[in-house]
Amino acid sequence: MALRLDNVGIVVKDLARAIEFFGELGLELEGKGMVEGEWAGRVTGLGDRRVEIAMMRTPDGHGRIELSRFLEPDVVADHRNAPVNSLGYLRVMFAVDDIDETLSRLLRHGAQLVSTEVIRYEDSYRLCYIRGPEGLLIGLAQEL
């Protein structure tokens with residue numbers, strides 16, 4: 001039985017920019033480091049690898065995003081422009097306290113709305129999808 005969701009991994013080219021963007025969203029940099037060596041290759045199946053990582057923690061302390069910048073081996077696929085109905089892992093959704101204010105800050109950091117507006121779902125939520133750094137698909141939801 002799973003005890004918790006530990007983290008979601010996101011591969012990026014520009015680690016500093018991704019840290020800045022998720023920091024603006026309210027996540028805190030928990031730590032940075034290099035993951036390399038034989039053990040890392042065994043667990044991932046990638047052989048000898050070198051990856052610079054940054055662990056970002058949500059304000060409530062329960063969620064984490066592991067940002068990874070691969071130095072070796074090279075990145076082999078790019079799913080950033082996949083539409084929302086693509087198979088596989090696609091996006092991460094964040095609950096925010098004020099979607100308009102959050103969106104305003106993230107737009108200044110290069111985010112772009114996927115649609116042209118923030119949508120209201122009944123009397124429950126205001127929602128939107130944005131493309132963040134390097135085209136990453138991110139959802140924002142404000143509970144009403």
Side-chain angles (χ1 to χ4, degrees), residues 1-119 121 124-143:
M1 177 181 295
L3 300 177
R4 68 179 182 273
L5 174 65
D6 193 57
N7 69 66
V8 174
I10 300 175
V11 177
V12 298
K13 286 184 183 180
D14 188 337
L15 189 60
R17 183 171 176 227
I19 291 169
E20 182 180 322
F21 183 87
F22 286 105
E24 187 65 38
L25 188 53
L27 278 72
E28 180 181 332
L29 179 62
E30 199 171 67
K32 285 175 56 175
M34 190 68 69
V35 177
E36 58 189 331
E38 186 264 338
W39 74 270
R42 283 196 354 249
V43 75
T44 61
L46 292 178
D48 199 22
R49 70 180 200 146
R50 290 184 48 233
V51 182
E52 184 180 15
I53 67 161
M55 192 65 75
M56 305 286 297
R57 183 180 57 240
T58 58
D60 67 359
H62 296 294
R64 289 180 181 81
I65 290 181
E66 180 181 304
L67 301 170
S68 301
R69 182 174 74 96
F70 275 77
L71 305 171
E72 293 175 21
D74 290 335
V75 174
V76 296
D78 189 343
H79 306 286
R80 292 174 295 181
N81 293 317
V84 180
N85 60 341
S86 298
L87 294 174
Y89 299 108
L90 184 64
R91 60 122 176 104
V92 60
M93 175 76 73
F94 291 97
V96 297
D97 58 351
D98 182 334
I99 199 166
D100 296 315
E101 187 270 336
T102 301
L103 187 56
S104 174
R105 287 192 345 263
L106 295 179
L107 290 173
R108 289 193 300 267
H109 283 269
Q112 297 178 327
L113 274 168
V114 171
S115 179
T116 59
E117 61 186 315
V118 175
I119 304 300
Y121 174 70
S124 301
Y125 289 95
R126 292 184 68 223
L127 306 156
C128 69
Y129 284 169
I130 61 172
R131 291 282 179 183
E134 300 180 30
L136 298 173
L137 187 59
I138 298 166
L140 302 175
Q142 176 186 344
E143 192 171 358

Student: Can you see which heavy atom on Met56 is nearest to which on Gly23, and at what distance?
Tutor: CE-N, 3.7 Å
Student: Can you name the nearest heavy-atom pair linking Leu140 to Leu103, along with the distance?
Tutor: CD1-CD1, 4.4 Å
Student: With sequence neighbours left out, which residue pairs that include part of residues 9-24 fulfil the salt bridge (Lys or Arg N to Asp or Glu O under 4.0 Å) condition?
Tutor: Glu24-Arg105
Student: Would you say Glu30 and Glu28 make side-chain contact, with heavy atoms under 4.5 Å?
Tutor: no
Student: Return a table of donor-acceptor pairs under 3.5 angstrom between the side chains of residues 45-54 and protein atoms on other chains or two or more places apart.
Tutor:
residue: Arg50; atom: NE; partner: Glu36; partner atom: OE1; Å: 3.4
residue: Glu52; atom: OE1; partner: Arg69; partner atom: NE; Å: 3.1
residue: Glu52; atom: OE1; partner: Arg69; partner atom: NH2; Å: 2.8

Student: State, to 0.1 Å, how close Gln142 and Ile99 come at their nearest heavy-atom pair, and which atoms those are.
Tutor: OE1-N, 2.9 Å
Student: Calculate, to the nearest 0.5 Å, the distance between atoms CD1 and CD1 belonging to Ile138 and Ile10 respectively.
Tutor: 6.5 Å
Student: Quick check: closest heavy atoms across Phe21 and Gly132, and the distance to 0.1 Å?
Tutor: CZ-CA, 3.8 Å
Student: Measuring from Phe22:CZ to Ile65:CD1, what's the distance to the nearest 0.5 Å?
Tutor: 4.5 Å
Student: What are the two closest heavy atoms between Pro133 and Ala18, and how far apart are they?
Tutor: CG-CA, 4.2 Å
Student: Under 6.0 Å from the CD atom of Gln112, do we count more than 12 heavy atoms belonging to anything else shown?
Tutor: no
Student: Would you give the length of the straight line joining atom CD1 of Ile130 to atom CZ of Arg91, rounded to the nearest 0.5 angstrom?
Tutor: 12.0 Å
Student: How many angstroms lie between atom CD1 of Ile119 and atom CZ of Arg126, to the nearest 0.5 angstrom?
Tutor: 9.5 Å
Student: When rounded to the nearest 0.5 angstrom, what distance separates CD in Glu143 from CG in Asp97?
Tutor: 12.0 Å
Student: Can you tell me if Tyr125 has over 12 outside heavy atoms packed within less than 6.0 Å of its OH?
Tutor: no
Student: Distance check, rounded to the nearest 0.5 Å: Leu29 atom CG versus Arg57 atom CZ?
Tutor: 9.5 Å
Student: Holding to salt bridge (Lys or Arg N to Asp or Glu O under 4.0 Å), I want the full list of residues that pass it with Asp78, two or more places apart in sequence or in another chain.
Tutor: Arg80
Student: Measure from the side-chain N and O atoms of Thr102 to the backbone N and O of Asp98, and report whether any donor-acceptor pair falls under 3.5 Å.
Tutor: yes
Student: Yes or no on side-chain contact (heavy atoms from CB on, under 4.5 Å) for Val76 and Phe70, after CA distance, side-chain angles and deciding distance?
Tutor: CA-CA 10 Å; Val76 296; Phe70 275 77; over 6 Å; no
Student: Minimum heavy-atom separation for Val8 and Leu5, please, with both atom names.
Tutor: CG2-CD2, 4.4 Å
